[in-house]
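Please read the structure below before turning to the comments.
Naming convention: chains lettered A, B, ... in sequence-line order (proteins, then strands); numbering from 1 in each chain. Any value given below was found using the heavy atoms of this structure, including those in side chains, with hydrogens, waters and symmetry copies removed.
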Number of protein chains: 2
Amino acid sequence: MSHNELDLAALLHNEGYRLTPQRQMVLDAVCEADGHATAEQIYELVHQKSETVNRATIYRTLKFLREMGLVVSTTLPDGGVEYELAGSKPHHHLVCHACGIDYEIPDKLFFDLVQTISETYDFRVDTTHLSLYGICAECQSGV
Amino acid sequence: MSHNELDLAALLHNEGYRLTPQRQMVLDAVCEADGHATAEQIYELVHQKSETVNRATIYRTLKFLREMGLVVSTTLPDGGVEYELAGSKPHHHLVCHACGIDYEIPDKLFFDLVQTISETYDFRVDTTHLSLYGICAECQSGV
DNA sequence: ATGGATGCAAAAGTTTTGCAAAGAA
DNA sequence: TTCTTTGCAAAACTTTTGCATCCAT
């Protein structure tokens, strides 16, 4: 990740912002949690590294990073909000009601659906992040 | 709706519960809001009819009605929770980021997707309620 | 009288905001 | 200095819970 830091600092500077240790830590935490992390989980990770960091900073930073296009957030069907790095390939989540396992599934599965909706309703679906709930194979067989 | 009241009272009585005015009003409000209503919106509707009804009652009643299988709830991508009558045909929502308009779309659009996911991942998707966000036709043309 | 349902108030969980202090530019 | 960023505390918002009371059976 270190190769990104210079770019990142430059990117923020271009917009008149700064790359602070807190911002770096939050971004690292999002990266580390790899795939999906709640604000609270990110807070825990950052807090381990620096005790003084405040929750308000986590929330502000996540909002900031989202506005900068560096992270994206999803709302899960249970209402929780998760963050992950932007720039990764568009993908979506299958979350198991029963055991909570979270599969990533590729964007292309949604192509036909999005295409049909576009044609039928002239509605442009935002597919940056979708989560579907259900029951995974293991839980179906009652393990 | 009045033809349902007897059945409803009987249904609840069979389980050892009662059909109170509050429960009737909440159910009416869910019905009236037709399609989607937040707890707060339901509270407003009920409160208009009876000033003394408390928010706690609204939440308790919605939870109760959901457990009784009479209403279902969805979590929208923005994190809000909406309630609607159960028993209506399965359908989903297209919500516009820009203007908030909410189209209902039929379940069958998702058949292929759900089928593919089932075959590929052996994952049984719960499609009782899905919401997709995006931009509607009007907002695309910048009205 | 028994047990369910309600209103009220308080609590709990999550996210936001005002403000003064600290730190880069 | 000037403007951004942070920490702290408090507020805001949504939802839940304890408890006394009320009500139907």
note: A:Arg23, atom CZ; C:dA24, atom P; distance rounded to Å ~ 13 Å
Quiz item: Are the side chains of A:Lys49 and A:Val46 in touch, meaning some heavy atoms are under 4.5 Å apart?
Solution: no
Atom CD1 of B:Ile42 and atom P of D:dT15 are separated, to the nearest Å, by 10 Å
**Message:** So A:Gln24 and A:Leu19, do their side chains get closer than 4.5 Å, heavy atoms only?
**Reply:** yes
Between CG of A:Leu27 and P of D:dT5 the distance, given in whole Å, is 15 Å
note: B:Tyr43, atom OH; C:dT6, atom P; distance rounded to Å ~ 15 Å
Rounded to whole Å, CD of B:Glu67 lies from P of C:dG4 at a distance of 14 Å
Residues of residues 48-58 of chain A with a heavy atom under 4.0 Å from any atom of DNA chain D, listed by number, are A:Thr52, A:Val53, A:Asn54, A:Ala56, A:Thr57
Between CZ of B:Phe64 and P of D:dT17 the distance, given in whole Å, is 17 Å
By nearest-heavy-atom nucleotide on DNA chain D, the more 5' of B:Ala39 and A:Thr20 is A:Thr20
Tell me if the CG atom of B:Asp112 is crowded by more than 12 foreign heavy atoms within 6.0 Å.
no
**Report entry** Single-linkage hydrophobic cluster, 4.5 Å side-chain cutoff, B:Leu132 and B:Val95 together
**Finding:** no
In short, ring pair (Phe, Tyr, Trp, His ring centres under 6.0 Å) pairs touching residues 41-79 of chain A with sequence neighbours left out are A:Tyr17-A:Phe64, A:Tyr43-A:His47
message = Need one value for A:Gln22: base, sugar-phosphate or nothing, where a base atom within 4.0 Å counts as base even if backbone is also close, heavy atoms only.
response = sugar-phosphate
Next item on the list: Take the angle between the ring planes of A:Tyr121 and B:Tyr103 and call it parallel below 30°, perpendicular above 60°, tilted in between.
Entry: tilted
To the nearest angstrom, the CZ-P distance between A:Arg66 and C:dT15 comes to 10 Å
Side chain to side chain donor-acceptor pair (under 3.5 Å) filter on A:Glu44, not counting sequence neighbours, yields none
Residues joined to A:Ile135 in its hydrophobic cluster, side chain to side chain under 4.5 Å directly or through other members, sorted by chain and number, are none
TODO: May I ask you to evaluate whether B:Tyr59 reaches the phosphate of D:dT15, defined as a side-chain N or O under 4.0 Å from OP1 or OP2?
DONE: yes
The ring-ring contact (aromatic ring centres under 6.0 Å, His included) partners of B:Phe110 (sequence neighbours excluded) come to B:His92
note: B:Leu62, atom CG; D:dT15, atom P; distance rounded to Å ~ 10 Å
In B/S/- notation (B base, S sugar-phosphate only, - none; protein heavy atoms under 4.0 Å), nucleotides 19-25 of chain D written 5' to 3' is ----BB-
